[in-house]
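Nothing fancy with the numbering, it's 1 onward along the sequence. Just follow the structure's listing: the first ligand is 1, and inside any ligand the first atom is 1. What you see is a predicted model, and the numbers here were worked out from it, not measured in a lab.
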Amino acid sequence: MGKNVFVTGGLGFIGSHTVLDLVVQDYDVTIIDNLDNAFPEAWRRMKELAGDKAHMMKFIKGDLRNFDDLDNIFSATKFDAVIHFAGRKAVGESVQFPMLYYTHNVVGAVNLIEVMRKHNVKNMVFSSSCTVYGNPERVPINEEHPLKALSPYGRTKLIIEDIFRDVAAAEPEWRIILLRYFNPVGAHPSGKIGEHPVGIPNNLMPYVQQVALGQRDALSVFGSDYPTRDGTCVRDYIHVMDLAEGHVAALDKLFASPDIGCTPINLGTGTGSTVLEMVKAFEEASGKKVAYKLVDRRAGDSVAVWAATETAERELGWKTKLDINDMCRDQWKWASLYPKGYET
Ligand code: UDP
């Protein structure tokens with residue numbers, strides 16, 4: 001019998017790619033998603049991609065803020081572990097509507113932990129973010145770097161990490177891995193699933209994609225006078241397929257390591273790229289011109305962020321295999337096959 005994993009937010013960008021990887025590795029998966037930022041069409045395409053393993057995935061529409069929904073699911077199925085992706089993730093929105101973030105993200109996580117305790121499921125992989133490092137004091141950023149939140153969104157990630165640290169300290173039978181992602185981009189190599197931002201994209205690569213497709217006029221490059229090789233900010237972009245593999249590696253690690261406690265692990269490539277380098281890579285991959293204008297810096301942006309990857313390599317035996325050209329190639333495939341994403 002394969003192991004049974006409960007995946008929250010499993011129809012979202014990172015969740016959907018990870019779920020597919022899990023079933024390929026013979027995990028049985030139950031997804032919960034409230035469809036706030038995900039689409040039933042994603043589920044349809046995931047089943048298509050899973051082929052004869054589609055029966056290993058199950059989707060339940062539900063919301064983590066509703067404890068009874070969770071309790072019913074956990075009463076019906078015995079899970080071996082949980083991967084917790086669900087949550088809201090837009091920094092700007094979190095400043096405007098902080099309570100949306102504290103209720104969805106923090107209350108959701110608290111309910112999830114409570115239901116796990118009630119049903120004695122104590123293996124957890126959590127979607128954290130490099131945002132918990134605040135404005136980095138040094139790069140590459142390792143997991144010992146001081147933690148600081150710069151927005152309500154970032155604060156929810158940090159609060160949830162703190163809750164997990166407290167729970168693991170009080171109840172040593174828990175095994176928790178906090179995965180701190182850098183900048184996830186790209187799409188499934190089939191082009192069938194990818195990132196579908198709702199409204200105007202906040203993130204760089206979805207915006208670049210829409211400019212290449214002619215859906216937007218020009219990218220605004222936020223700041224061109226930073227002390228970097230071309231004046232634009234540096235980030236550690238990671239292919240969503242590599243990221244998905246990192247989750248499977250983390251899950252395998254939980255089952256192999258009774259004493260892991262609560263351990264944070266960065267998932268990044270260890271290499272930074274500038275905004276203009278990403279634009280150029282996307283132009284090359286797509287054969288399209290990406291018009292851009294240089295504008296003022298965006299408030300709160302850090303100059304340069306990239307990951308130290310030694311912990312992931314040591315603890316998970318995982319490192320990235322794909323580079324920014326692969327990310328742009330796969331994202332362009334998704335964009336050109338489905339210019340409207342999951343809208344049908
Ligand atoms: N960026 C940009 N124009 C945009 C969106 C983002 O120049 O329309 C820049 C942003 O300033 C940052 C990088 O692209 O340097 C990555 O931004 P994103 O919001 O994708 O990720 P994060 O800020 O969380 O690293």
Side-chain angles (χ1 to χ4, degrees), residues 12-14 37 87-96 101 105 127-137 139-141 145 147-158 179-187 194-213 215-240 243 266-283 290-307 324 327-328 331 335:
F13 175 40
I14 303 167
N37 199 13
R88 301 191 75 99
K89 59 173 185 182
V91 173
E93 182 188 57
S94 80
V95 175
Q96 233 185 333
Y101 280 69
N105 294 10
S127 271
S128 189
S129 162
C130 67
T131 193
V132 298
Y133 297 120
N135 258 317
E137 292 167 10
V139 278
I141 307 177
H145 186 284
L147 303 178
K148 186 176 164 62
L150 303 177
S151 69
Y153 161 71
R155 210 160 353 264
T156 63
K157 289 290 175 193
L158 199 47
L179 293 178
R180 296 178 178 153
Y181 316 150
F182 284 66
N183 290 55
V185 300
E195 183 170 18
H196 181 144
V198 177
I200 301 172
N202 297 300
N203 294 111
L204 177 65
M205 295 313 283
Y207 205 103
V208 166
Q209 170 183 324
Q210 293 189 2
V211 175
L213 284 169
Q215 296 169 338
R216 300 201 184 269
D217 292 339
L219 170 75
S220 295
V221 174
F222 299 137
S224 52
D225 58 352
Y226 284 105
T228 62
R229 44 190 179 267
D230 61 21
T232 64
C233 291
V234 171
R235 294 289 182 274
D236 186 338
Y237 296 92
I238 173 170
H239 197 301
V240 66
L243 199 56
N266 287 340
L267 294 185
T269 65
T271 310
S273 303
T274 69
V275 174
L276 293 180
E277 286 163 355
M278 294 306 286
V279 169
K280 185 158 169 283
F282 203 84
E283 286 185 331
V290 176
Y292 66 84
K293 47 184 194 283
L294 305 175
V295 302
D296 285 348
R297 294 179 175 194
R298 180 171 71 177
D301 267 344
S302 304
V303 183
V305 180
W306 69 90
I324 62 169
M327 300 173 208
C328 293
Q331 196 182 328

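Ordered by chain and residue number, the residues placing a heavy atom less than 4.0 Å from ligand 1 are Asn183, Asn202, Asn203, Leu204, Leu219, Ser220, Val221, Phe222, Cys233, Arg235, Tyr237, Val275, Arg298, Asp301.
Annotation for Tyr292: atom OH does not count as buried by contact number, only 12 or fewer foreign heavy atoms lying within 6.0 Å.
Counting heavy atoms from C-beta outward, Tyr133 and Ser302 have side chains that stay 4.5 Å or more apart. Annotation: side chain of Ile14 is not in contact with side chain of Lys89 (no heavy-atom distance under 4.5 Å).
Sorted by first and then second residue, the salt bridge (charged side-chain N to carboxylate O under 4.0 Å, His left out) pairs involving residues 266-277 (not counting sequence neighbours) are Arg229-Glu277. Applying the salt bridge (charged side-chain N to carboxylate O under 4.0 Å, His left out) test to pairs two or more places apart or on separate chains, those with a residue in residues 230-240 are Arg235-Asp301.
Remark: Tyr181 engages His247 in a ring-ring contact (aromatic ring centres under 6.0 Å, His included) (not counting sequence neighbours).
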